[in-house]
Amino acid sequence: MSYQKPKIVIIGAGFAGLTAVKNLARVNAEVLLIDRNNYHTFVPLLYQVATGFIPPETVAYPLRKFLRYAPNTSFLKAEVLEIDFTAKVVKTDQRNINYDYLVIATGSQTKFLGVDGAPKYTYPLQTLDDAVALRYRILSNCEQAISCTDEERRKQLLTFTIVGGGATGVELAGALSELIRDTLAKDYRELDLKQVKVILIHSGNRLLANFPYHLGYYTEQALCRRGVQIHFNTRVTSVMAGAIELEEGSIIETGTIIWAVGVKANLPVDSEKLATARKDQVCVRSTLQLLEHPEVYAVGDVAYVKQEGKPLLGIAPEALQQGTAVASNLKRQLRGLSVKPFNYFNKGTAAIIARNAGVAYLFGRISLKGWLAWLLWLGIHLYYLPGLSNRLTVLGSWIRDYLTGERNVRQIFSVSSSTKITSYDIR
């Protein structure tokens with residue numbers, strides 16, 4: 001009788017899923033990775049793709065190349081349609097797959113918070129297609145503004161509005177203001193830069209709520225110095241073609257609306273089948289196993305994990321550590337040992353604002369701001385970016401930008417990812 005190895009299926013090639021695969025290389029089991037794309041997206045740098053810093057391919061690492069030296073692993077490009085936990089079957093648009101152990105690491109998706117018109121008229125930043133579509137939109141609006149004879153419409157085209165004052169919103173606001181000031185001002189000499197506006201709308205009373213107050217205040221001042229207009233303590237109540245309405249009733253005419261607030265778990269299963277918490281996240285044990293199915297793990301943005309009485313934030317360092325912890329527990333299960341609880345070691349977090357400006361809060365007690373925090377952010381992301389060629393390309397782009405203020409990736413291509421751009425006209 002031939003021995004059949006246990007089968008481990010991992011759904012999702014984000015930070016958590018890919019880390020789990022890496023740590024399961026060469027174990028005595030078959031490991032199958034499933035993702036709708038054949039590449040890993042380095043999400044923290046999507047805003048740099050959107051603002052012309054770096055080429056799209058530098059944040060997309062081929063999964064088959066990643067798995068090349070792991071003989072017990074394979075990859076399936078497919079869309080997961082359903083998970084039958086009773087039969088232990090993952091149903092995809094390609095084929096059905098049996099599993100002995102399952103890891104759900106499918107990340108998050110945009111949550112529009114019930115705001116009327118937001119799904120249709122705003123630009124999220126969750127995927128590589130989102131980033132390319134947003135870059136297309138920004139550049140196309142500038143091209144349209146050149147030939148626009150209507151003064152009010154030109155102002156509308158040149159008004160860029162970001163909803164959300166978290167790290168994504170802050171990084172987008174800073175990068176967009178620099179793109180306009182340092183690059184587009186040279187390319188579009190016919191435009192009056194005074195008409196170009198970057199507006200950041202935030203429902204709270206300070207930016208970067210997960211950082212100490214003084215770092216949020218520093219961020220606010222740094223953005224204001226770069227010409228970003230910030231609206232605090234207000235919410236967007238509806239979105240229209242070319243405008244947004246705020247809760248106090250005011251209307252902002254704007255040609256580009258970027259949705260940088262609100263995410264929820266991207267579950268490949270009916271959430272009614274599982275116990276869920278906030279943001280549709282799956283409730284898990286301290287070991288990251290599902291409450292109902294100990295052979296199934298949930299990690300990253302799909303898992304509701306509490307530590308010291310507080311839910312984790314859903315940031316990349318958490319996902320990386322969870323991927324490692326799940327791989328360790330799976331190895332223990334394969335050897336017939338009991339699994340161990342997950343404990344997140346918080347090394348800190350950092351955010352970039354603009355050139356020479358960043359903030360970092362390390363080990364729960366060390367605050368950094370300015371050039372040193374900016375340099376730290378660059379180093380961390382360069383270290384974790386997969387692929388030597390990608391790192392060299394990104395580093396070269398950063399050096400060029402620092403020395404010249406020049407963004408080279410500003411070509412406008414008619415590609416499928418930009419279809420949303422032509423879905424409505426600004427009037």
Side-chain angles (χ1 to χ4, degrees), residues 2-43 60-107 266-269 282 284-285 287-290 293-303 316 318-340 342 384 386-387:
S2 60
Y3 168 71
Q4 190 171 7
K5 293 182 179 180
K7 188 158 190 177
I8 301 172
V9 175
I10 299 173
I11 308 172
F15 288 112
L18 213 57
T19 302
V21 171
K22 179 181 178 181
N23 283 277
L24 289 169
R26 304 181 187 280
V27 300
N28 189 29
E30 295 180 25
V31 180
L32 174 65
L33 176 64
I34 304 174
D35 198 277
R36 67 182 62 169
N37 300 309
N38 73 337
Y39 55 85
H40 163 75
T41 303
F42 195 75
V43 174
Y61 191 77
L63 292 175
R64 293 191 180 276
K65 183 176 181 180
F66 185 89
L67 302 177
R68 188 178 293 172
Y69 303 105
N72 66 322
T73 64
S74 58
F75 171 68
L76 176 65
K77 183 180 182 298
E79 185 83 28
V80 174
L81 305 176
E82 184 184 349
I83 301 174
D84 187 334
F85 294 108
T86 303
K88 296 185 179 180
V89 174
V90 176
K91 300 178 181 180
T92 77
D93 59 353
Q94 300 297 317
R95 65 176 190 264
N96 295 343
I97 300 148
N98 296 308
Y99 66 84
D100 295 297
Y101 299 97
L102 177 66
V103 180
I104 303 174
T106 44
N266 185 25
L267 278 176
V269 62
V282 179
V284 296
R285 308 178 189 186
T287 55
L288 302 177
Q289 295 166 295
L290 296 192
H293 306 281
E295 74 281 358
V296 181
Y297 292 83
V299 291
D301 290 337
V302 300
E318 295 168 359
L320 290 167
Q321 291 186 34
Q322 287 176 15
T324 301
V326 162
S328 176
N329 274 343
L330 284 168
K331 291 177 184 178
R332 294 180 66 84
Q333 284 184 297
L334 291 172
R335 298 197 304 268
L337 302 175
S338 60
V339 294
K340 293 185 176 181
F342 167 72
Y384 282 109

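Numbers here are sequence positions counted from 1. Keep in mind the model is a prediction, meaning the values are calculated, not measured.
Summarising the geometry of A20 relative to A327, their closest heavy-atom pair is O-CB, 3.8 Å, with the distance given to 0.1 Å. Counting all heavy atoms, side chain and backbone alike, Y99 lies closest to V296 at OH-CG2, 3.9 Å. A pairwise comparison of heavy atoms in P386 and F42 identifies CD-CD1, 3.9 Å as the closest pair. Shortest non-hydrogen contact noted between N98 and V9 is O-CG2, 4.1 Å. When all heavy atoms of G107 and D301 are compared, the closest pair comes out as C-CB, 3.6 Å. Taking both residues in full, the closest heavy atoms of A298 and A303 are given as O-CB, 3.3 Å, listed atom of the first, atom of the second, then distance.
Between I104 atom CD1 and L290 atom CG the span is 5.5 Å, to the nearest 0.5 Å. Note: D100 CG to K7 NZ = 9.0 Å, rounded to the nearest 0.5 Å. For the atom pair OG1 of T287 and CD of Q333, the computed distance is 8.0 Å after rounding to the nearest 0.5 Å. Taking CD1 of I97 as the reference point, atom NZ of K88 lies at 16.0 Å (rounded to 0.5 Å). Here the straight-line distance linking atom CG of L102 with atom OH of Y297 works out to 11.0 Å at 0.5 Å rounding. Atom CZ of R95 sits about 5.0 Å away from atom CG of L76, to the nearest 0.5 Å.
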Going through the distances and angles, do I11 and V90 end up as a side-chain contact (heavy atoms from CB on, under 4.5 Å)?
CA-CA 9 Å; I11 308 172; V90 176; 4.1 Å; yes

Test log, rule side-chain contact (heavy atoms from CB on, under 4.5 Å), inputs I10 and I34:
CA-CA 6 Å; I10 299 173; I34 304 174; over 6 Å; no

Taking it one step at a time, do V339 and Q289 satisfy side-chain contact (heavy atoms from CB on, under 4.5 Å)?
CA-CA 9 Å; V339 294; Q289 295 166 295; 3.5 Å; yes

Run the side-chain contact (heavy atoms from CB on, under 4.5 Å) test on D35 and L63 for me, step by step, so that the C-alpha distance in whole Å, both residues' side-chain angles and the decisive distance to 0.1 Å come before the verdict.
CA-CA 9 Å; D35 198 277; L63 292 175; 4.2 Å; yes

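Under the 6.0 Å cut-off for aromatic ring centres, Y384 and F15 do not qualify, their centroids lying 6.0 Å or more apart.
Considering only heavy atoms from C-beta on, P268 comes within 4.5 Å of I83 through its side chain. No side-chain heavy atom of V21 sits less than 4.5 Å from a side-chain heavy atom of V103.
Judged by distance alone, with hydrogens and angles left aside, the side-chain atoms of H40 form a donor-acceptor pair with the main-chain N or O of A13 at under 3.5 Å. For the pair N23 (side chain) and T324 (backbone), a donor-acceptor distance under 3.5 Å is absent. In this structure, N37 contributes its side chain and Y39 its backbone to no donor-acceptor pair below 3.5 Å. A donor-acceptor pair under 3.5 Å links the side-chain atoms of N329 to the main chain of K340, judged by distance alone. Remark: the backbone N or O of P6 is not paired with any side-chain donor or acceptor of N28 at under 3.5 angstrom. Judged by distance alone, the side chain of T106 and the main-chain N or O of N266 form a donor-acceptor pair under 3.5 Å. At least one donor-acceptor pair under 3.5 Å links the side chain of N72 to the backbone N or O of V27.
Checked against ring-ring contact (aromatic ring centres under 6.0 Å, His included), F85 has the following partners two or more places apart in sequence or in another chain: H293. Taking R36 as the reference, E79 meet the side-chain hydrogen bond (donor to acceptor under 3.5 Å, both in side chains) condition, with sequence neighbours excluded.
Sequence neighbours left out, not one pair with a member in residues 10-34 passes salt bridge (Lys or Arg N to Asp or Glu O under 4.0 Å).
Between the side chains of T92 and Q94, no donor-acceptor pair is found at a separation under 3.5 Å.
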